[in-house]
Protein chains: 2
Amino acid sequence: MVELTRKQREMERRTLEILRVAKPILVREGFHALSMDRVAAAMEYAKGTIYNHFPHKEEIVLALAIESMALRRKLFLAAAALAAPNRVRLMAIGCACEYYTQHCSDDFAIEQWIRNVNVWDKSSAARQDLIRRCEGECMSIVSSVVHSGVVASELVLNHALTAEEFVFGFWAITFGSQILTASSPSLAAVGILDPRRAIRIHCCTLLNGYRWQPIMQTDEYLNRVDELSTSIQSEFDRVRAEHYTA
Amino acid sequence: MVELTRKQREMERRTLEILRVAKPILVREGFHALSMDRVAAAMEYAKGTIYNHFPHKEEIVLALAIESMALRRKLFLAAAALAAPNRVRLMAIGCACEYYTQHCSDDFAIEQWIRNVNVWDKSSAARQDLIRRCEGECMSIVSSVVHSGVVASELVLNHALTAEEFVFGFWAITFGSQILTASSPSLAAVGILDPRRAIRIHCCTLLNGYRWQPIMQTDEYLNRVDELSTSIQSEFDRVRAEHYTA
DNA sequence: TGAAAATTTTGACAACGCGTCAATAATTGA
DNA sequence: TCAATTATTGACGCGTTGTCAAAATTTTCA
(Lines give C-alpha, C1' and ligand atoms only; values in the text may rest on other atoms or scores of the structure.)
Protein backbone atom coordinates (compact mmCIF):
# COMPACT_ATOMS: atom_id res chain seq x y z
CA MET A 1 0.00 0.00 0.00
CA VAL A 2 2.74 2.41 1.02
CA GLU A 3 4.82 1.12 -1.88
CA LEU A 4 1.95 1.68 -4.21
CA THR A 5 1.48 5.26 -3.22
CA ARG A 6 5.19 5.86 -3.54
CA LYS A 7 5.01 4.64 -7.14
CA GLN A 8 1.95 6.72 -7.70
CA ARG A 9 3.74 9.73 -6.32
CA GLU A 10 6.70 9.13 -8.57
CA MET A 11 4.34 8.80 -11.50
CA GLU A 12 2.63 12.04 -10.58
CA ARG A 13 5.92 13.82 -10.10
CA ARG A 14 6.94 12.83 -13.60
CA THR A 15 3.60 13.88 -15.00
CA LEU A 16 4.25 17.31 -13.55
CA GLU A 17 7.75 17.27 -14.96
CA ILE A 18 6.33 16.57 -18.41
CA LEU A 19 4.07 19.58 -18.03
CA ARG A 20 6.98 21.74 -16.95
CA VAL A 21 8.94 20.67 -20.02
CA ALA A 22 5.99 21.04 -22.38
CA LYS A 23 4.74 24.44 -21.23
CA PRO A 24 7.58 26.63 -22.52
CA ILE A 25 7.65 24.72 -25.81
CA LEU A 26 3.92 25.23 -26.32
CA VAL A 27 3.98 28.88 -25.28
CA ARG A 28 7.21 29.89 -26.95
CA GLU A 29 7.12 27.80 -30.11
CA GLY A 30 3.52 26.77 -30.58
CA PHE A 31 1.51 23.58 -30.69
CA HIS A 32 3.30 22.39 -33.78
CA ALA A 33 6.68 22.48 -32.05
CA LEU A 34 5.39 20.46 -29.11
CA SER A 35 6.16 16.88 -30.09
CA MET A 36 6.26 13.80 -27.94
CA ASP A 37 9.72 12.98 -29.25
CA ARG A 38 10.96 16.36 -28.16
CA VAL A 39 9.45 16.14 -24.69
CA ALA A 40 10.92 12.67 -24.32
CA ALA A 41 14.34 13.82 -25.46
CA ALA A 42 14.25 16.80 -23.11
CA MET A 43 13.43 14.51 -20.19
CA GLU A 44 15.81 11.76 -21.32
CA TYR A 45 13.07 9.17 -21.45
CA ALA A 46 11.84 7.12 -24.36
CA LYS A 47 8.77 8.31 -26.20
CA GLY A 48 6.76 5.35 -25.00
CA THR A 49 7.18 6.45 -21.41
CA ILE A 50 5.64 9.81 -22.17
CA TYR A 51 2.75 7.97 -23.77
CA ASN A 52 2.24 6.18 -20.45
CA HIS A 53 1.34 9.54 -18.96
CA PHE A 54 -0.52 11.20 -21.82
CA PRO A 55 -2.17 9.44 -24.75
CA HIS A 56 -1.34 12.34 -27.09
CA LYS A 57 -0.08 15.86 -26.96
CA GLU A 58 -3.56 17.35 -26.96
CA GLU A 59 -4.02 15.84 -23.53
CA ILE A 60 -0.86 17.60 -22.37
CA VAL A 61 -2.32 20.87 -23.58
CA LEU A 62 -5.53 20.26 -21.66
CA ALA A 63 -3.59 19.36 -18.54
CA LEU A 64 -1.66 22.61 -18.86
CA ALA A 65 -4.88 24.53 -19.42
CA ILE A 66 -6.35 23.05 -16.26
CA GLU A 67 -3.41 24.41 -14.28
CA SER A 68 -3.76 27.78 -15.96
CA MET A 69 -7.47 28.00 -15.29
CA ALA A 70 -6.86 27.05 -11.69
CA LEU A 71 -4.62 30.09 -11.39
CA ARG A 72 -7.28 32.28 -12.97
CA ARG A 73 -9.79 30.96 -10.48
CA LYS A 74 -7.50 31.77 -7.56
CA LEU A 75 -7.06 35.33 -8.82
CA PHE A 76 -10.83 35.68 -9.17
CA LEU A 77 -11.30 34.41 -5.63
CA ALA A 78 -8.73 36.86 -4.30
CA ALA A 79 -10.43 39.72 -6.12
CA ALA A 80 -13.90 38.75 -4.96
CA ALA A 81 -12.66 38.46 -1.38
CA LEU A 82 -11.90 42.18 -1.27
CA ALA A 83 -13.67 43.98 1.54
CA ALA A 84 -15.32 46.61 -0.60
CA PRO A 85 -18.64 47.52 -2.21
CA ASN A 86 -19.87 44.91 -4.65
CA ARG A 87 -19.35 47.13 -7.66
CA VAL A 88 -15.74 47.59 -6.60
CA ARG A 89 -15.37 43.85 -6.14
CA LEU A 90 -16.54 43.39 -9.73
CA MET A 91 -13.97 45.96 -10.80
CA ALA A 92 -11.37 43.98 -8.89
CA ILE A 93 -12.27 40.88 -10.89
CA GLY A 94 -11.77 42.95 -14.00
CA CYS A 95 -8.33 43.84 -12.64
CA ALA A 96 -7.71 40.13 -12.09
CA CYS A 97 -8.47 39.52 -15.76
CA GLU A 98 -6.08 42.26 -16.77
CA TYR A 99 -3.44 40.94 -14.38
CA TYR A 100 -3.84 37.42 -15.68
CA THR A 101 -3.47 38.48 -19.30
CA GLN A 102 -0.48 40.69 -18.60
CA HIS A 103 1.43 38.93 -15.87
CA CYS A 104 0.42 35.35 -16.53
CA SER A 105 0.61 35.69 -20.29
CA ASP A 106 1.83 32.12 -20.74
CA ASP A 107 -1.24 30.83 -18.97
CA PHE A 108 -3.48 33.15 -20.92
CA ALA A 109 -1.98 31.84 -24.15
CA ILE A 110 -2.45 28.24 -23.05
CA GLU A 111 -6.09 28.83 -22.19
CA GLN A 112 -6.71 29.75 -25.80
CA TRP A 113 -5.53 26.40 -27.10
CA ILE A 114 -8.48 24.56 -25.63
CA ARG A 115 -10.77 26.60 -27.89
CA ASN A 116 -9.18 24.82 -30.80
CA VAL A 117 -11.66 22.18 -31.91
CA ASN A 118 -8.96 19.69 -32.81
CA VAL A 119 -7.44 19.93 -29.36
CA TRP A 120 -10.73 19.89 -27.52
CA ASP A 121 -12.35 17.03 -29.42
CA LYS A 122 -9.36 14.77 -29.07
CA SER A 123 -8.98 15.09 -25.35
CA SER A 124 -10.43 12.95 -22.59
CA ALA A 125 -13.86 13.49 -21.09
CA ALA A 126 -12.30 13.58 -17.62
CA ARG A 127 -10.10 16.57 -18.40
CA GLN A 128 -12.87 18.24 -20.40
CA ASP A 129 -15.00 17.95 -17.31
CA LEU A 130 -12.35 19.55 -15.14
CA ILE A 131 -12.13 22.45 -17.57
CA ARG A 132 -15.88 22.90 -17.62
CA ARG A 133 -16.03 22.76 -13.86
CA CYS A 134 -13.31 25.36 -13.47
CA GLU A 135 -15.01 27.61 -15.99
CA GLY A 136 -18.25 27.18 -14.08
CA GLU A 137 -16.52 28.06 -10.83
CA CYS A 138 -15.03 31.21 -12.30
CA MET A 139 -18.46 32.15 -13.54
CA SER A 140 -20.08 31.59 -10.17
CA ILE A 141 -17.45 33.64 -8.36
CA VAL A 142 -18.40 36.57 -10.55
CA SER A 143 -22.12 35.97 -10.52
CA SER A 144 -22.12 35.69 -6.73
CA VAL A 145 -20.76 39.24 -6.63
CA VAL A 146 -23.59 40.31 -8.92
CA HIS A 147 -26.08 38.49 -6.72
CA SER A 148 -24.72 40.32 -3.69
CA GLY A 149 -25.25 43.56 -5.54
CA VAL A 150 -28.83 42.63 -6.27
CA VAL A 151 -29.45 41.54 -2.69
CA ALA A 152 -27.97 44.81 -1.44
CA SER A 153 -30.27 46.69 -3.84
CA GLU A 154 -27.32 48.36 -5.49
CA LEU A 155 -28.38 46.81 -8.74
CA VAL A 156 -31.77 45.95 -10.18
CA LEU A 157 -31.84 43.11 -12.68
CA ASN A 158 -35.23 42.97 -14.30
CA HIS A 159 -36.78 39.89 -15.78
CA ALA A 160 -34.87 40.47 -19.01
CA LEU A 161 -31.56 39.32 -17.61
CA THR A 162 -30.26 36.77 -15.11
CA ALA A 163 -27.10 37.41 -13.09
CA GLU A 164 -25.24 34.92 -15.26
CA GLU A 165 -26.34 36.61 -18.45
CA PHE A 166 -25.30 39.89 -16.91
CA VAL A 167 -21.86 38.45 -16.21
CA PHE A 168 -21.72 37.05 -19.72
CA GLY A 169 -21.63 40.57 -21.13
CA PHE A 170 -18.57 41.46 -19.10
CA TRP A 171 -17.01 38.14 -19.87
CA ALA A 172 -17.55 38.71 -23.58
CA ILE A 173 -16.21 42.25 -23.64
CA THR A 174 -13.19 41.42 -21.50
CA PHE A 175 -12.39 38.19 -23.27
CA GLY A 176 -13.07 39.68 -26.68
CA SER A 177 -10.86 42.67 -26.15
CA GLN A 178 -8.04 40.58 -24.79
CA ILE A 179 -8.15 38.17 -27.70
CA LEU A 180 -8.34 41.01 -30.18
CA THR A 181 -5.50 42.81 -28.47
CA ALA A 182 -3.39 39.68 -28.48
CA SER A 183 -4.17 38.53 -31.99
CA SER A 184 -5.62 41.25 -34.12
CA PRO A 185 -3.16 42.48 -36.68
CA SER A 186 -2.31 45.97 -35.50
CA LEU A 187 -5.14 47.52 -33.58
CA ALA A 188 -3.05 50.67 -33.50
CA ALA A 189 -3.32 50.91 -37.28
CA VAL A 190 -7.09 51.17 -37.04
CA GLY A 191 -6.91 53.86 -34.39
CA ILE A 192 -7.10 51.92 -31.14
CA LEU A 193 -4.09 53.08 -29.20
CA ASP A 194 -5.04 52.07 -25.67
CA PRO A 195 -7.46 49.15 -25.85
CA ARG A 196 -7.38 48.48 -22.11
CA ARG A 197 -8.41 52.01 -21.27
CA ALA A 198 -11.16 51.89 -23.88
CA ILE A 199 -12.55 48.70 -22.40
CA ARG A 200 -12.42 50.10 -18.88
CA ILE A 201 -14.49 53.05 -20.07
CA HIS A 202 -16.97 50.74 -21.75
CA CYS A 203 -17.31 48.65 -18.60
CA CYS A 204 -17.90 51.76 -16.51
CA THR A 205 -20.52 53.00 -18.96
CA LEU A 206 -22.18 49.61 -19.00
CA LEU A 207 -22.30 49.40 -15.21
CA ASN A 208 -23.72 52.92 -15.08
CA GLY A 209 -26.17 51.95 -17.82
CA TYR A 210 -27.47 49.24 -15.50
CA ARG A 211 -27.43 51.82 -12.69
CA TRP A 212 -25.23 49.75 -10.45
CA GLN A 213 -24.67 51.98 -7.42
CA PRO A 214 -22.53 53.84 -6.72
CA ILE A 215 -22.67 55.46 -10.17
CA MET A 216 -19.23 56.69 -11.20
CA GLN A 217 -18.19 59.17 -13.84
CA THR A 218 -15.65 57.96 -16.38
CA ASP A 219 -12.72 59.91 -14.96
CA GLU A 220 -13.50 58.91 -11.42
CA TYR A 221 -13.86 55.29 -12.49
CA LEU A 222 -10.56 55.29 -14.36
CA ASN A 223 -8.80 56.70 -11.33
CA ARG A 224 -10.37 54.19 -9.01
CA VAL A 225 -9.53 51.26 -11.26
CA ASP A 226 -5.95 52.47 -11.43
CA GLU A 227 -5.75 52.70 -7.67
CA LEU A 228 -7.45 49.37 -7.20
CA SER A 229 -5.24 47.70 -9.73
CA THR A 230 -2.14 48.99 -7.95
CA SER A 231 -3.31 48.18 -4.45
CA ILE A 232 -4.42 44.66 -5.28
CA GLN A 233 -1.35 43.78 -7.31
CA SER A 234 0.72 42.52 -4.40
CA GLU A 235 -2.10 40.18 -3.44
CA PHE A 236 -2.24 38.89 -7.01
CA ASP A 237 1.54 38.50 -7.01
CA ARG A 238 1.27 36.45 -3.84
CA VAL A 239 -1.44 34.20 -5.29
CA ARG A 240 0.53 33.74 -8.47
CA ALA A 241 3.78 32.94 -6.64
CA GLU A 242 2.02 30.43 -4.44
CA HIS A 243 0.41 28.81 -7.45
CA TYR A 244 3.74 28.37 -9.20
CA THR A 245 5.60 26.99 -6.20
CA ALA A 246 2.90 24.49 -5.31
CA MET B 1 0.24 39.16 -74.49
CA VAL B 2 -3.22 37.70 -75.02
CA GLU B 3 -1.73 34.24 -74.60
CA LEU B 4 -0.16 35.31 -71.35
CA THR B 5 -3.37 36.58 -69.86
CA ARG B 6 -5.15 33.43 -70.93
CA LYS B 7 -2.59 31.42 -69.00
CA GLN B 8 -2.89 33.75 -66.10
CA ARG B 9 -6.65 33.34 -66.15
CA GLU B 10 -6.33 29.57 -66.21
CA MET B 11 -3.93 29.78 -63.32
CA GLU B 12 -6.31 31.97 -61.37
CA ARG B 13 -9.25 29.73 -62.16
CA ARG B 14 -7.35 26.80 -60.72
CA THR B 15 -6.32 28.79 -57.70
CA LEU B 16 -10.01 29.39 -57.03
CA GLU B 17 -10.73 25.73 -57.60
CA ILE B 18 -8.15 24.83 -54.98
CA LEU B 19 -9.88 27.14 -52.54
CA ARG B 20 -13.25 25.58 -53.34
CA VAL B 21 -11.83 22.13 -52.65
CA ALA B 22 -9.98 23.21 -49.51
CA LYS B 23 -12.78 25.16 -47.83
CA PRO B 24 -15.11 22.28 -46.92
CA ILE B 25 -12.17 20.19 -45.74
CA LEU B 26 -10.94 22.96 -43.47
CA VAL B 27 -14.39 23.81 -42.16
CA ARG B 28 -15.75 20.30 -41.82
CA GLU B 29 -12.64 18.40 -40.75
CA GLY B 30 -10.22 21.01 -39.45
CA PHE B 31 -6.79 22.28 -40.31
CA HIS B 32 -5.21 18.95 -39.59
CA ALA B 33 -7.29 17.20 -42.24
CA LEU B 34 -6.41 19.76 -44.87
CA SER B 35 -3.37 18.26 -46.57
CA MET B 36 -1.82 19.14 -49.88
CA ASP B 37 -1.96 15.51 -50.94
CA ARG B 38 -5.65 15.43 -50.33
CA VAL B 39 -6.35 18.63 -52.20
CA ALA B 40 -4.24 17.37 -55.08
CA ALA B 41 -6.06 14.04 -55.13
CA ALA B 42 -9.46 15.72 -55.04
CA MET B 43 -8.51 17.88 -58.01
CA GLU B 44 -6.70 15.06 -59.83
CA TYR B 45 -3.47 16.99 -60.00
CA ALA B 46 -0.08 16.13 -58.60
CA LYS B 47 0.92 17.63 -55.32
CA GLY B 48 3.65 19.69 -56.94
CA THR B 49 1.08 21.55 -58.98
CA ILE B 50 -0.74 22.66 -55.86
CA TYR B 51 2.57 23.90 -54.51
CA ASN B 52 2.84 26.07 -57.63
CA HIS B 53 -0.21 27.95 -56.38
CA PHE B 54 0.35 27.98 -52.64
CA PRO B 55 3.68 27.48 -50.88
CA HIS B 56 1.99 25.72 -47.95
CA LYS B 57 -1.45 25.07 -46.60
CA GLU B 58 -1.32 28.03 -44.24
CA GLU B 59 -1.37 30.24 -47.30
CA ILE B 60 -4.52 28.49 -48.50
CA VAL B 61 -6.13 29.25 -45.15
CA LEU B 62 -5.23 32.92 -45.44
CA ALA B 63 -6.55 33.05 -48.99
CA LEU B 64 -9.83 31.57 -47.75
CA ALA B 65 -9.92 34.04 -44.87
CA ILE B 66 -9.50 36.92 -47.29
CA GLU B 67 -12.59 35.76 -49.19
CA SER B 68 -14.50 35.36 -45.94
CA MET B 69 -13.57 38.79 -44.67
CA ALA B 70 -14.55 40.27 -48.01
CA LEU B 71 -18.04 38.85 -47.48
CA ARG B 72 -18.15 40.30 -43.98
CA ARG B 73 -17.17 43.67 -45.38
CA LYS B 74 -19.97 43.51 -47.96
CA LEU B 75 -22.51 42.72 -45.25
CA PHE B 76 -21.24 45.63 -43.16
CA LEU B 77 -21.54 47.93 -46.18
CA ALA B 78 -25.09 46.77 -46.84
CA ALA B 79 -26.02 47.34 -43.20
CA ALA B 80 -24.42 50.76 -43.06
CA ALA B 81 -26.19 51.77 -46.28
CA LEU B 82 -29.57 51.49 -44.58
CA ALA B 83 -31.61 54.68 -44.77
CA ALA B 84 -32.21 55.01 -41.05
CA PRO B 85 -31.03 56.91 -37.99
CA ASN B 86 -27.37 56.33 -37.21
CA ARG B 87 -28.08 54.36 -34.08
CA VAL B 88 -30.27 52.04 -36.12
CA ARG B 89 -27.53 51.69 -38.72
CA LEU B 90 -25.19 50.59 -35.97
CA MET B 91 -27.80 48.09 -34.84
CA ALA B 92 -27.97 46.88 -38.45
CA ILE B 93 -24.22 46.26 -38.41
CA GLY B 94 -24.78 44.23 -35.26
CA CYS B 95 -27.39 42.26 -37.20
CA ALA B 96 -24.81 41.77 -39.95
CA CYS B 97 -22.45 40.26 -37.39
CA GLU B 98 -25.15 37.94 -36.17
CA TYR B 99 -26.11 37.04 -39.74
CA TYR B 100 -22.50 36.35 -40.64
CA THR B 101 -21.97 34.09 -37.65
CA GLN B 102 -25.19 32.20 -38.19
CA HIS B 103 -25.66 32.04 -41.95
CA CYS B 104 -22.06 32.21 -43.06
CA SER B 105 -20.79 29.96 -40.32
CA ASP B 106 -18.14 28.43 -42.56
CA ASP B 107 -16.68 31.85 -43.21
CA PHE B 108 -16.91 32.74 -39.54
CA ALA B 109 -15.01 29.57 -38.68
CA ILE B 110 -12.36 30.30 -41.30
CA GLU B 111 -11.82 33.81 -39.98
CA GLN B 112 -10.80 32.33 -36.65
CA TRP B 113 -7.96 30.35 -38.16
CA ILE B 114 -5.94 33.45 -38.95
CA ARG B 115 -5.78 34.18 -35.22
CA ASN B 116 -3.70 31.06 -34.87
CA VAL B 117 -0.11 32.23 -34.51
CA ASN B 118 1.28 29.31 -36.47
CA VAL B 119 -0.96 30.05 -39.42
CA TRP B 120 -0.44 33.80 -39.30
CA ASP B 121 3.31 33.79 -38.89
CA LYS B 122 3.88 31.36 -41.72
CA SER B 123 1.90 33.21 -44.32
CA SER B 124 3.04 35.82 -46.81
CA ALA B 125 3.27 39.51 -46.06
CA ALA B 126 1.11 40.22 -49.12
CA ARG B 127 -1.85 38.24 -47.83
CA GLN B 128 -1.31 39.49 -44.28
CA ASP B 129 -1.59 42.99 -45.70
CA LEU B 130 -4.84 42.18 -47.46
CA ILE B 131 -6.28 40.86 -44.22
CA ARG B 132 -5.20 43.92 -42.30
CA ARG B 133 -6.64 46.19 -44.96
CA CYS B 134 -9.98 44.39 -44.93
CA GLU B 135 -10.09 44.53 -41.15
CA GLY B 136 -9.34 48.23 -41.34
CA GLU B 137 -12.11 48.75 -43.87
CA CYS B 138 -14.64 46.94 -41.70
CA MET B 139 -13.58 49.14 -38.82
CA SER B 140 -13.96 52.31 -40.81
CA ILE B 141 -17.41 51.34 -42.05
CA VAL B 142 -18.52 51.11 -38.44
CA SER B 143 -16.64 54.14 -37.20
CA SER B 144 -18.05 56.26 -40.01
CA VAL B 145 -21.51 55.48 -38.66
CA VAL B 146 -20.34 56.58 -35.23
CA HIS B 147 -18.87 59.72 -36.71
CA SER B 148 -22.18 60.48 -38.39
CA GLY B 149 -23.83 60.09 -35.03
CA VAL B 150 -21.42 62.57 -33.50
CA VAL B 151 -21.85 65.01 -36.35
CA ALA B 152 -25.62 64.76 -36.03
CA SER B 153 -25.27 65.44 -32.28
CA GLU B 154 -27.05 62.21 -31.47
CA LEU B 155 -23.97 61.11 -29.60
CA VAL B 156 -21.38 63.01 -27.62
CA LEU B 157 -17.96 61.43 -27.44
CA ASN B 158 -15.87 63.27 -24.90
CA HIS B 159 -12.12 63.49 -24.92
CA ALA B 160 -11.92 60.13 -23.18
CA LEU B 161 -12.81 58.10 -26.25
CA THR B 162 -12.29 58.27 -30.01
CA ALA B 163 -14.86 56.89 -32.43
CA GLU B 164 -12.57 53.93 -33.13
CA GLU B 165 -12.17 53.15 -29.45
CA PHE B 166 -15.93 53.42 -29.11
CA VAL B 167 -16.33 50.89 -31.90
CA PHE B 168 -13.72 48.67 -30.29
CA GLY B 169 -16.03 48.10 -27.35
CA PHE B 170 -18.80 46.79 -29.57
CA TRP B 171 -16.33 44.82 -31.61
CA ALA B 172 -15.00 43.21 -28.45
CA ILE B 173 -18.37 42.35 -26.97
CA THR B 174 -19.75 41.01 -30.25
CA PHE B 175 -16.64 39.11 -31.18
CA GLY B 176 -16.13 37.86 -27.64
CA SER B 177 -19.66 36.58 -27.27
CA GLN B 178 -19.59 34.86 -30.64
CA ILE B 179 -16.31 33.12 -29.90
CA LEU B 180 -17.51 32.10 -26.46
CA THR B 181 -20.80 30.88 -27.87
CA ALA B 182 -19.02 28.89 -30.54
CA SER B 183 -16.28 27.45 -28.39
CA SER B 184 -17.04 27.66 -24.72
CA PRO B 185 -17.86 24.29 -23.27
CA SER B 186 -21.56 24.51 -22.52
CA LEU B 187 -22.59 28.06 -21.76
CA ALA B 188 -25.98 26.63 -20.92
CA ALA B 189 -24.45 24.72 -18.02
CA VAL B 190 -23.33 27.97 -16.41
CA GLY B 191 -26.76 29.54 -16.84
CA ILE B 192 -26.50 31.38 -20.14
CA LEU B 193 -29.42 30.12 -22.14
CA ASP B 194 -29.77 32.79 -24.80
CA PRO B 195 -26.39 34.45 -25.27
CA ARG B 196 -27.47 36.43 -28.32
CA ARG B 197 -30.33 38.05 -26.47
CA ALA B 198 -28.09 38.82 -23.51
CA ILE B 199 -25.57 40.55 -25.76
CA ARG B 200 -28.30 42.54 -27.50
CA ILE B 201 -29.43 43.79 -24.11
CA HIS B 202 -25.89 44.69 -23.16
CA CYS B 203 -25.38 46.59 -26.40
CA CYS B 204 -28.62 48.50 -25.86
CA THR B 205 -27.61 49.37 -22.31
CA LEU B 206 -24.18 50.42 -23.47
CA LEU B 207 -25.60 52.67 -26.20
CA ASN B 208 -28.01 54.17 -23.70
CA GLY B 209 -25.11 54.55 -21.29
CA TYR B 210 -23.41 56.73 -23.87
CA ARG B 211 -26.75 58.49 -24.39
CA TRP B 212 -26.84 57.80 -28.10
CA GLN B 213 -30.19 59.23 -29.21
CA PRO B 214 -32.83 58.02 -29.56
CA ILE B 215 -32.62 56.30 -26.18
CA MET B 216 -34.47 52.98 -26.22
CA GLN B 217 -35.77 50.83 -23.42
CA THR B 218 -34.63 47.21 -23.42
CA ASP B 219 -37.94 45.77 -24.59
CA GLU B 220 -38.36 48.34 -27.30
CA TYR B 221 -34.78 47.74 -28.42
CA LEU B 222 -35.21 43.98 -28.55
CA ASN B 223 -38.34 44.38 -30.64
CA ARG B 224 -36.67 46.77 -33.03
CA VAL B 225 -33.62 44.58 -33.44
CA ASP B 226 -35.89 41.63 -34.19
CA GLU B 227 -37.78 43.64 -36.80
CA LEU B 228 -34.60 45.04 -38.25
CA SER B 229 -32.97 41.68 -38.39
CA THR B 230 -35.97 40.25 -40.26
CA SER B 231 -36.37 43.13 -42.65
CA ILE B 232 -32.71 43.29 -43.59
CA GLN B 233 -32.27 39.57 -44.00
CA SER B 234 -33.27 39.43 -47.66
CA GLU B 235 -30.70 42.09 -48.42
CA PHE B 236 -28.05 40.08 -46.58
CA ASP B 237 -29.16 36.96 -48.44
CA ARG B 238 -28.72 38.81 -51.71
CA VAL B 239 -25.25 40.05 -50.78
CA ARG B 240 -24.25 36.60 -49.70
CA ALA B 241 -25.60 34.90 -52.82
CA GLU B 242 -23.82 37.41 -55.03
CA HIS B 243 -20.60 36.88 -53.13
CA TYR B 244 -20.73 33.14 -53.59
CA THR B 245 -21.60 33.20 -57.30
CA ALA B 246 -18.91 35.73 -58.16
C1' DT C 1 5.41 22.48 -90.27
C1' DG C 2 8.93 21.04 -87.08
C1' DA C 3 12.32 21.24 -83.83
C1' DA C 4 14.50 23.70 -80.15
C1' DA C 5 13.52 26.40 -76.04
C1' DA C 6 10.75 27.54 -72.27
C1' DT C 7 7.42 26.30 -69.14
C1' DT C 8 4.54 23.27 -66.46
C1' DT C 9 3.44 18.97 -64.33
C1' DT C 10 4.66 14.96 -62.07
C1' DG C 11 5.58 11.80 -58.34
C1' DA C 12 9.53 9.71 -56.03
C1' DC C 13 12.09 11.05 -52.16
C1' DA C 14 14.06 12.58 -47.63
C1' DA C 15 12.79 14.17 -43.32
C1' DC C 16 9.85 14.21 -39.57
C1' DG C 17 5.98 13.34 -36.25
C1' DC C 18 2.43 10.19 -34.41
C1' DG C 19 1.02 6.27 -31.96
C1' DT C 20 1.83 1.09 -31.39
C1' DC C 21 3.73 -2.91 -29.49
C1' DA C 22 6.86 -6.75 -28.97
C1' DA C 23 11.05 -7.13 -26.70
C1' DT C 24 13.74 -5.85 -22.82
C1' DA C 25 14.63 -4.18 -18.19
C1' DA C 26 13.36 -3.33 -13.53
C1' DT C 27 10.67 -4.20 -9.57
C1' DT C 28 7.95 -6.92 -6.51
C1' DG C 29 6.53 -10.73 -3.69
C1' DA C 30 7.06 -15.22 -1.82
C1' DT D 1 16.67 -16.46 -5.13
C1' DC D 2 13.60 -16.57 -8.80
C1' DA D 3 9.14 -16.32 -10.99
C1' DA D 4 5.55 -12.95 -11.79
C1' DT D 5 4.35 -8.52 -12.49
C1' DT D 6 5.07 -4.02 -14.10
C1' DA D 7 7.53 -0.32 -16.57
C1' DT D 8 10.54 1.21 -20.24
C1' DT D 9 12.31 1.18 -24.67
C1' DG D 10 12.82 2.31 -29.49
C1' DA D 11 12.07 0.31 -34.06
C1' DC D 12 8.22 0.26 -37.05
C1' DG D 13 4.13 1.46 -40.08
C1' DC D 14 1.72 5.11 -41.55
C1' DG D 15 0.82 9.73 -42.99
C1' DT D 16 2.30 14.56 -44.05
C1' DT D 17 5.46 18.15 -45.69
C1' DG D 18 8.14 20.40 -49.06
C1' DT D 19 11.71 19.55 -52.83
C1' DC D 20 13.46 18.64 -57.25
C1' DA D 21 15.06 16.20 -61.29
C1' DA D 22 12.80 14.05 -64.95
C1' DA D 23 8.92 13.90 -68.11
C1' DA D 24 5.28 16.13 -70.53
C1' DT D 25 3.45 20.01 -72.55
C1' DT D 26 3.37 24.48 -74.64
C1' DT D 27 5.57 28.23 -76.95
C1' DT D 28 8.66 30.27 -80.12
C1' DC D 29 10.56 31.01 -84.37
C1' DA D 30 12.77 29.66 -88.63
Side-chain angles (χ1 to χ4, degrees), chain A residues 1-18 21-22 25-26 28-64 113 116-124 127, chain B residues 1-18 21-22 25-26 28-64 113 116-124 127:
Chain A
M1 192 61 177
V2 175
E3 291 300 282
L4 208 72
T5 54
R6 181 179 64 77
K7 288 209 110 183
Q8 284 178 334
R9 266 179 303 154
E10 274 177 14
M11 199 74 176
E12 185 143 338
R13 206 180 46 72
R14 201 165 49 189
T15 298
L16 292 175
E17 201 187 338
I18 291 173
V21 167
I25 299 178
L26 178 62
R28 233 57 71 193
E29 301 172 60
F31 185 70
H32 171 74
L34 178 63
S35 78
M36 292 305 224
D37 280 295
R38 190 165 161 192
V39 171
M43 292 182 62
E44 294 186 302
Y45 277 111
K47 188 167 39 165
T49 303
I50 311 299
Y51 275 95
N52 279 349
H53 293 261
F54 297 99
H56 35 65
K57 59 180 188 166
E58 284 80 3
E59 199 73 20
I60 296 182
V61 174
L62 238 73
L64 284 171
W113 279 109
N116 183 303
V117 190
N118 300 322
V119 173
W120 181 259
D121 286 352
K122 205 167 176 184
S123 52
S124 69
R127 284 211 167 81
Chain B
M1 191 60 178
V2 175
E3 291 299 283
L4 209 73
T5 54
R6 181 178 65 78
K7 287 210 109 181
Q8 283 178 334
R9 265 179 303 155
E10 274 178 13
M11 200 73 177
E12 186 143 335
R13 206 180 46 73
R14 201 165 49 189
T15 298
L16 292 176
E17 201 187 337
I18 292 173
V21 167
I25 300 177
L26 178 62
R28 234 57 72 195
E29 302 172 60
F31 185 70
H32 172 75
L34 177 63
S35 78
M36 293 305 225
D37 279 297
R38 193 166 159 191
V39 171
M43 294 183 60
E44 294 186 301
Y45 277 109
K47 186 168 40 165
T49 303
I50 311 299
Y51 275 96
N52 279 349
H53 293 260
F54 296 99
H56 35 65
K57 59 182 187 165
E58 285 80 3
E59 199 73 22
I60 296 182
V61 174
L62 238 74
L64 285 171
W113 279 109
N116 183 302
V117 191
N118 300 323
V119 173
W120 180 261
D121 286 352
K122 206 168 175 185
S123 52
S124 68
R127 283 210 168 81

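So you know, we letter chains A, B, ... as the sequences are listed, proteins then strands, and number each from 1.
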J.: Protein within reach of the bases, or only the backbone? For nucleotides 9-24 of chain C, mark each nucleotide 5' to 3' as B, S or -, using heavy atoms under 4.0 Å.
T.: BBB-----SBBB----
J.: Check ring pair (Phe, Tyr, Trp, His ring centres under 6.0 Å) between A:Trp120 and all other residues, then give those that pass, not counting sequence neighbours.
T.: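 A:Trp120: no ring pair (Phe, Tyr, Trp, His ring centres under 6.0 Å) contacts found.
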J.: Write down the distance between CD (A:Glu10) and P (D:dT6), rounded to a whole number of angstrom.
T.: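 Going from A:Glu10 (CD) to D:dT6 (P), I get 16 Å.
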J.: B:Phe31: which residues meet the ring pair (Phe, Tyr, Trp, His ring centres under 6.0 Å) condition with it, sequence neighbours left out?
T.: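 For B:Phe31, the residues satisfying ring pair (Phe, Tyr, Trp, His ring centres under 6.0 Å) (neighbours in sequence not counted) are B:Trp113.
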J.: Can you sort out the partners of A:Arg14 under side-chain hydrogen bond (donor to acceptor under 3.5 Å, both in side chains), two or more places apart, ordered by chain and number?
T.: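 Counting only residues at least two positions away or on another chain, A:Arg14 forms a side-chain hydrogen bond (donor to acceptor under 3.5 Å, both in side chains) with A:Tyr45, A:His53.
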J.: Tell me, which pairs form a salt bridge (Lys or Arg N to Asp or Glu O under 4.0 Å) where one or both residues lie in residues 40-50 of chain B, sequence neighbours left out?
T.: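 Sorted result for residues 40-50 of chain B: B:Asp37-B:Lys47.
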J.: With sequence neighbours left out, what residues match B:Glu29 under side-chain hydrogen bond (donor to acceptor under 3.5 Å, both in side chains)?
T.: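 B:Glu29 satisfies side-chain hydrogen bond (donor to acceptor under 3.5 Å, both in side chains) with B:Arg38 only.
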